[in-house]
Amino acid sequence: MANIAKKVVLKFTTSMLLCALMFTSACLCQSVPGIYMLGDSLVDVGNNNHLPLSLAKANFAHNGLDFPSGKATGRFSNGKNAADFLAEKVGLPTGPPYLSLLSKEQELGDAPITGVSFASGGAGIIRDTPSQSISLTQQVEHYTLVYEQLVQKLGSAGAQTHLAKSLFMIVIGSNDLFAYFKNNSDPSKKYTPQQYVDLIASNLIHLMKRLHGMGARKFVVTGLGMIGCCPRQRKDNATSGCNEEANYWSSKYNDGLKHLLENLKLESPDINYSYFDMYKAMSDLIQDPQKYGITEIKEACCGIGNLKADVPCIPVSNYCPNRNNHLFWDFYHPTEMVSNLNIDLMYNGPKQYTIPMTIEQLVEL
Ligand SMILES: *[C@@H]1O[C@H](CO)[C@@H](O)[C@H](O)[C@H]1NC(C)=O
Ligand SMILES: *[C@@H]1O[C@H](CO)[C@@H](O)[C@H](O)[C@H]1NC(C)=O
Ligand SMILES: *[C@@H]1O[C@H](CO)[C@@H](O)[C@H](O)[C@H]1NC(C)=O
């Protein structure tokens, strides 16, 4: 009898312990209840697959070669992208593409409470190419519907609590600058480069304020990288150097954005953010690629021609056998390995890469 009682007690304590363990891990996961992702091809996880007329697509080989399924998903990458790596850090699934949640009648189905991705390849802050990409303004419109659904599900107070702990990540701006520096571009006729970078930075802040009005409190915002160093830009330089002008204005844009973010925080103290200095991250990588096991920083892995950048990564292009020693997967986008590296730096890397805090610190607030 005593033995049986002992066994029962043992069983009971074991299951208590299991319960406690499960409860703790569930609580850890709850530290970030959702991720709402906005931006361009650096974080698109398949929205553009649903734009029938868009040419800004990646749902064909050799994209996705190193994805767990081995198949193209719409990510502009050989495998996962930054959206996936951030989700992994906080123990959430990658949010599904917003457009995948629409029914035939274009009505929003059940959006998962763990977040949604609005990002779209080719998207800009003010650059608007309807049918090709979903502009940031339109992405915020899409968020409005997800927000309304959340309020219906959780009630107003419940939705506010949920959203205040969720991350809103915004990765965008490269396409606005590329559009400006194209030969005889419309924006370059209207604005000086300084006016233009000020305009896009202030538009981004304006859209962040709209998100703030719909519950967003924790933002992850990335600055622009050295966009003049992507293979597509290098190939126009006779010595394969970076497009210095594009780099210069990327860094000017970053300066403006950092300043506006400080002001935003003063205006709305309940906003907290982590700004990522993508420019510095890329510059450090280009200066000392060996440190990360990277041996090729100029040429794309997948493509055809000079720097594999004359023809994009399409099924007839060839690709490099080792993706992990390349900075660029295709003529614009980093390899999965470099996206992972960037998220590591953002999440809990050395403090010179993030202002004023890392994502990990932002999560813990
Ligand atoms: C821009 O246009 C000029 C003159 O039309 C041409 O010489 C130059 O190669 C063009 N540059 C690019 C990057 O297409
Ligand atoms: C081309 O690259 C070289 C370095 O190789 C650089 O000095 C030069 O400024 C670049 N040209 C432009 C137009 O950016
Ligand atoms: C953000 O930080 C401020 C302090 O600057 C704090 O009062 C506020 O509650 C924080 N917001 C969240 C959502 O943690």
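Note: hydrogens, waters and symmetry copies are ignored here, and every other heavy atom, side chains too, is used. One-based numbering, in listed order, for ligands and for the atoms of each.
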Over 60° means perpendicular and under 30° means parallel, so classify the ring planes of [Y] and [X], tilted if in between.
{"X": "Phe76", "Y": "His333", "value": "tilted"}
{"X": "Phe168", "Y": "Phe219", "value": "tilted"}
{"X": "Tyr143", "Y": "Phe118", "value": "perpendicular"}

Q. Do the side chains of Thr335 and Leu327 get nearer than 4.5 Å, heavy atoms only?
A. no
Q.
Side chains of Met346 and Thr358, heavy atoms from C-beta outward: is any pair under 4.5 Å?
A. no
Q) Which heavy atom in Pro33 sits nearest to a heavy atom in Ser166, and how many Å separate them? A) CG-OG, 3.7 Å
Q.
Determine whether the interatomic SG-SG distance for Cys302 and Cys320 falls below 2.5 angstrom.
A. no
Q. Hey, does Asn272 come in under 3.5 Å of ligand 3, counting only N/O atoms on both sides?
A. yes
Q. In order of chain and number, which residues sit within 4.0 Å of ligand 2 by heavy atom?
A. Asn237, Thr239, Gly241, Cys242, Asn243, Glu244
Interfacing atoms of ligand 3 (cut-off 4.0 Å, heavy-atom, [X]):
{"X": "Asp270", "answer": "11 (N)"}
{"X": "Leu365", "answer": "14 (O)"}
{"X": "Lys265", "answer": "1 (C), 2 (O), 3 (C), 4 (C), 5 (O)"}

Q: To the nearest 0.5 angstrom, please state how far the NZ atom of Lys235 sits from the CG atom of Asp310.
A: 4.5 Å
